[in-house]
Each structure stands twice: as structure tokens, then as C-alpha cells.
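Report on one structure; see the data block that follows.
Every chain is numbered from 1, with letters handed out A, B, ... down the list of sequences.
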There are 2 protein chains.
Amino acid sequence: MSQQRPGGQSGQPGAVPALPDLPEATVARLPEYLRALHHLAESGHDTVSSEGLASAAGVNSAKLRKDLSHLGSYGTRGVGYDVALLIEQIEYVLGLTQRRAVALVGVGNLGHALAGYAGFATRGFRIAALFDADPSRVGELINGLVVRHIEDLAEIAEAESIAIGVIATPASAAQLVADQLVAVGVTSILNFAPCVLSVPEGVDVRKVDLAIELQILSFHEHRKASLTSLPATGPAAGLTALPGGLSATGTEEAVGT
Amino acid sequence: MSQQRPGGQSGQPGAVPALPDLPEATVARLPEYLRALHHLAESGHDTVSSEGLASAAGVNSAKLRKDLSHLGSYGTRGVGYDVALLIEQIEYVLGLTQRRAVALVGVGNLGHALAGYAGFATRGFRIAALFDADPSRVGELINGLVVRHIEDLAEIAEAESIAIGVIATPASAAQLVADQLVAVGVTSILNFAPCVLSVPEGVDVRKVDLAIELQILSFHEHRKASLTSLPATGPAAGLTALPGGLSATGTEEAVGT
DNA sequence: TAGATTGTTAATCGATTAACAATC
DNA sequence: TAGATTGTTAATCGATTAACAATC
């Protein structure tokens with residue numbers, strides 16, 4: 001149905017739709033579809049079925065079709081989706097038709113790696129500036145960019161039209177950096193520091209915490225181990241939950257609190 | 001269903017519960033609570049209310065209480081939660097009472113940074129081995145560990161009781177590495193390569209894709225821009241969605257496909 | 001036309017949240 | 001006892017999925 005608005009009773013016929021208001025879960029999957037589509041395009045496919053794309057993206061095909069239907073997408077029944085067209089549509093809604101300028105704050109271990117990460121450049125972004133608060137790092141050249149002092153943020157953010165800030169500082173500095181980014185008008189932040197940031201409404205923060213990812217995997221490991229060897233082992237409700245009757249996994253080495 | 005479970009009608013009184021089967025959303029938040037709790041403990045709190053912990057972890061307090069109730073948790077009405085006890089309980093369910101050995105494959109840009117990431121060590125993990133397929137990198141010393149050739153994986157995985165594999169290779173190598181990890185018995189994988197891995201049932205994979213995080217932020221930037229300046233601009237259904245009538249954002253530079 | 005595959009429906013499932021009785 | 005705060009209920013919301021009519 002609906003030519004130019006998912007949903008039917010759009011008041012004005014002929015009115016071009018604003019950006020569709022996609023479910024968050026859908027937004028989070030579109031980049032994965034995009035990656036899979038680029039891969040398909042490179043291997044010469046110009047058409048793909050929902051089944052084919054879904055399996056390339058690691059999701060269920062009903063979910064894929066539902067997601068694409070929110071875009072008001074244009075597949076062809078009996079045929080599938082035009083790869084190039086779908087790439088264009090997804091890049092459009094994700095706002096990737098303009099390359100966005102990214103400022104990276106904190107050029108320690110991780111920041112260094114991020115500054116050199118080729119995937120940003122190939123997937124719609126341009127690292128436009130590097131910052132650090134440590135004067136001894138300022139001036140350093142990383143991947144063709146000079147590290148600037150965080151004090152210069154305002155000036156450079158304006159000059160480079162920074163759209164997204166990436167925080168790769170220690171947790172102790174992250175809130176201050178976030179405040180500074182917000183102060184110069186940045187409304188999207190990717191935070192690698194292991195802490196919660198508080199920001200005004202209208203500012204989006206996404207967080208990547210590497211240790212948390214491992215801890216989630218650890219839970220499942222623990223779970224799998226407790227299932228294979230079912231000698232009722234438990235948290236000893238209320239008491240200390242230390243070793244006691246653990247079992248079967250192998251490595252056993254208490255972790256300091 | 002389920003014989004010995006937190007939640008009321010457990011058959012055997014005195015029977016210790018196996019690991020509770022937590023909702024995935026809860027599992028994903030527990031590490032955040034844990035981090036906040038350690039922070040509170042360091043600043044001398046020995047008790048915290050659900051309201052206080054929730055705000056430190058950036059969630060709603062009803063959600064926090066619900067999450068903790070799945071652990072069969074032991075708060076005290078009118079008082080709050082005992083910080084040290086809660087830390088113990090969460091570390092127990094997450095399987096952090098034993099320090100897990102991690103193998104990191106791929107010591108390029110990102111792998112290098114991960115090998116040096118202190119957060120792993122302080123939060124329950126031990127990077128036990130580094131691997132690469134490039135002979136010219138083998139032998140290199142990173143953070144006190146020698147880079148080994150991926151061929152030696154089997155031998156070392158056994159010797160070090162590797163529990164979790166981290167893939168930081170290019171996408172083109174990631175599936176092969178995953179197969180090799182699975183072959184030596186690893187059942188938890190953290191994948192930084194931008195691709196979908198296929199693994200047998202029983203193996204858990206978590207994926208971190210840095211460009212995807214930025215693309216999600218880009219969507220919201222695009223969305224915010226399309227709302228503030230409402231001159232009906234749209235995807236030109238079916239046609240190319242290139243610049244045309246875009247507007248207002250500033251940076252405008254087409255991105256290559 | 002027959003076969004294939006989309007877009008949508010509707011049922012189901014899981015997650016969130018406000019509200020409040022239980023209880024310290 | 002009065003005040004505070006948990007643990008749980010129940011309502012709501014959003015996401016997933018199988019199934020299938022529409023249609024190429």
C-alpha cells in the first residue's frame with residue numbers, strides 16, 4: 001500500500017514524507033543489512049531475496065521484510081530486492097549520503113587504534129580531529145592528523161563541522177569531555193569509557209564497553225558449565241558465594257573484588 | 001518445569017538453586033550495575049537504595065529492582081541493598097568468581113589496543129595468549145605477551161584453558177578463525193570483525209562493530225536535522241535518493257558507495 | 001498460468017514501568 | 001509507630017515470528 005508514507009492515512013497526498021520514525025530495533029539492524037548488501041554487490045549480485053539477505057545478515061527473513069517495510073521499501077514480489085536501490089535507500093535513512101565529521105577525544109591505547117581504524121572511513125565517516133588533555137601528546141601525528149589540545153575543541157569543532165564525538169578517555173575524564181562536546185554543539189556521542197554519561201535531552205549517547213561484552217559471555221559460559229555438570233551448585237543465598245561447590249570448568253582462580 | 005528455582009514453589013526446601021535463567025536484557029545490565037557498585041564501594045558507601053543504584057547505572061529504579069529480584073536478591077525494605085553483598089551476588093551469577101582466560105586473535109591496529117586494555121584485567125579476565133596469521137608479527141612482544149602463530153592455537157588453548165576467544169582480524173579472516181576457535185573447544189566469542197559468523201549451536205557470539213555504532217548515531221543526527229528544519233525532504237521513492245533537496249545540516253559531501 | 005517472493009496481518013513473546021502491599 | 005524502601009503485580013508497550021493473501 002501507501003506510496004509515500006508507511007501507514008495509510010497521510011493527510012496531504014503528494015506531501016513528501018519526513019524521515020520515517022523507525023523502531024529502534026530496526027535502526028540497529030539497518031547497518032548490518034547495509035554491510036551485507038555491499039558485500040553482495042561486490043560479488044556481482046544485483047538482486048537478492050529476503051531469505052538471501054536475511055541469512056547474509058544473520059537474521060530471520062520475516063524480521064528483515066518487516067524492517068524493510070518500515071522504509072516503505074521497494075522489493076518486487078516474485079523477484080526480490082534490487083541490491084543497488086536498497087543500498088541507496090538504507091544509506092539515505094541512515095543519513096550516510098553526507099560523510100559525517102567525527103572528533104575523537106583521547107588518544108591513549110584505544111583512541112590510537114580508533115584513529116587508525118579504516119572501517120570508519122569506508123563506511124561513511126571522516127575522522128576530522130583528534131584531541132587529548134595531556135600536553136605531552138599534543139602535536140603528535142597519528143594517521144596524518146595532529147593531536148590537538150582539548151582546549152581547542154570549540155574552534156576546531158566549528159571549523160570542521162563536527163557531527164559526532166567519540167570519547168576514548170579514562171572514565172574519570174569522560175563526563176567532563178562530554179560536557180565540552182555538548183557545549184560546542186555536538187549532539188551524538190559514542191562513549192568507550194566505562195561510565196554513565198549524563199547529557200541534556202536531545203543528545204544521543206551510545207556506549208561500547210568491552211569488559212561488559214566479556215562479562216555477558218562469561219555469564220553464558222558459567223551457565224553452560226552449570227548445566228553440563230548438574231551437581232546442584234548455587235549462590236548459597238545470603239551467604240558468601242565463594243567457591244564452595246563449583247565444578248567442572250577447569251580454570252579456578254578467585255578474582256579480587 | 002524447573003525443579004530448584006528461585007521463585008516460590010521449589011520442591012525441596014534447602015535445595016540450592018542452579019543458576020537462575022535470567023532474561024537476556026537483565027544479563028546485559030548486570031555488568032553495568034556491578035561497575036556502579038564497585039564505584040560506590042570505593043567511595044565508601046556500604047548501602048545503596050534502588051533509586052541510588054539505578055541512577056548510578058543510568059536506568060529506571062523499577063527496572064533495577066525487577067532485575068535484582070531475578071537473582072533472588074537480598075535487599076532490605078526500608079534500608080536498601082548491601083553493596084558488598086550485591087557485588088558478590090552479581091559476580092557469582094556472571095561467573096566472575098573465576099578469572100577467565102582470553103585468547104586474542106589478530107594483533108593489528110585494534111588487536112594491539114585490546115591487548116593493552118587494562119579494563120579486561122581489572123574486571124575479571126586475563127589475556128592469556130595473542131595470535132596472528134602473519135609470520136612477520138609472530139614473536140612480537142605486546143604487553144608482556146609474545147604473539148604466537150595461529151597454528152599453535154590448539155596447543156596453547158589447552159595449556160592456558162582458554163574460555164573466550166576475541167577476534168580482531170579483518171573480516172576476510174574472521175570465519176576461519178572462528179572455526180579454529182570452535183575446533184579447540186572455545187564456546188564464547190567476541191567478534192570485532194564486521195561480518196556475521198556462523199557457529200554451531202551452543203557457541204555464543206557477541207559482536208562489536210564500531211562503524212555500526214556510528215551509523216546508528218548518524219540516523220539520529222539525520223532525524224534530528226529533518227525535524228528542526230521541516231522543509232519536506234524525502235527519499236524520492238523509487239528514484240535515486242541523492243542530494244536533491246537536502247538541507248540545513250552543514251557538512252555536505254557525498255559518500256562513495 | 002504456475003512458481004516465487006513480497007508486504008502485512010495477527011498471534012505471541014519478552015521487556016518496561018507505575019503503583020502499591022509487604023515489611024524493615 | 002511513622003517513614004522508607006523493597007519485591008511483586010499487572011498493565012502496557014514494543015519486538016518477533018509464522019502464515020498467507022497479494023502480486024510479480
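Annotation: side chain of Cys195(A) is not in contact with side chain of Gln175(A) (no heavy-atom distance under 4.5 Å). Counting heavy atoms from C-beta on, the side chains of Lys63(B) and Arg65(B) never come closer than 4.5 Å.
The base-pairing partner of dT23(C), taking Watson-Crick or G-U wobble contacts with both distances under 3.5 Å, is dA4(D). When Watson-Crick and G-U wobble pairs are counted only if both distances are under 3.5 Å, dT12(D) pairs with dA15(C).
Using a 4.0 Å cut-off between charged side-chain N and carboxylate O, Lys207(B) and Glu32(A) make a salt bridge. The existence of a salt bridge linking Asp204(B) and Arg223(A) is excluded, since no basic side-chain nitrogen approaches an acidic carboxylate oxygen closer than 4.0 Å.
Side-chain proximity of Thr76(A) to dC24(D), dA18(D), dT16(C): nearest is dC24(D). When each of dT5(D), dA15(C), dT16(D) is scored by its nearest atom to the side-chain atoms of Ala25(A), the top-ranked nucleotide is dT16(D).
As rounded to whole Å, 13 Å separates atom P of dT8(C) from atom CG of Asp67(A). dC20(C) atom P lies 16 Å from atom CZ of Arg77(B), rounded to whole Å. Following rounding to the nearest Å, Glu24(A) (CD) and dT16(C) (P) show an atom-to-atom distance of 13 Å. For Leu68(A) and dA15(D), the CG to P distance is 16 Å, given to the nearest whole Å. Summarising the geometry, the separation between NZ on Lys63(A) and P on dT12(C) is reported as 19 Å, rounded to the nearest angstrom. One can place CG of Leu71(A) at 15 Å from C1' of dT6(C), the figure rounded to the nearest angstrom. Whole-Å rounding puts the His70(A) NE2 to dT6(C) C1' distance at 15 Å. Rounded to an integer number of Å, the gap from CG of Leu64(A) to P of dT16(D) is 12 Å.
Using a 4.0 Å cut-off, some side-chain N or O of Tyr81(B) falls inside it from OP1 or OP2 of dG7(D). Between Asn60(A) and the phosphate of dA15(D), there is no side-chain N or O to OP1/OP2 separation shorter than 4.0 Å. Distances shorter than 4.0 Å separate none of the side-chain N or O atoms of Arg65(B) from OP1 or OP2 on dC20(C).
Comparing Ala62(A) and Thr26(A), the nucleotide of DNA chain D nearest to each residue sits closer to the 5' end for Thr26(A). The nearest heavy atom of DNA chain D to Ser50(B) and to Lys66(B) marks one nucleotide each, and the one closer to the 5' end goes with Ser50(B).
The distance from the CZ atom of Phe125(A) to the CG atom of Leu214(B) is 4.5 Å, given to the nearest 0.5 Å.
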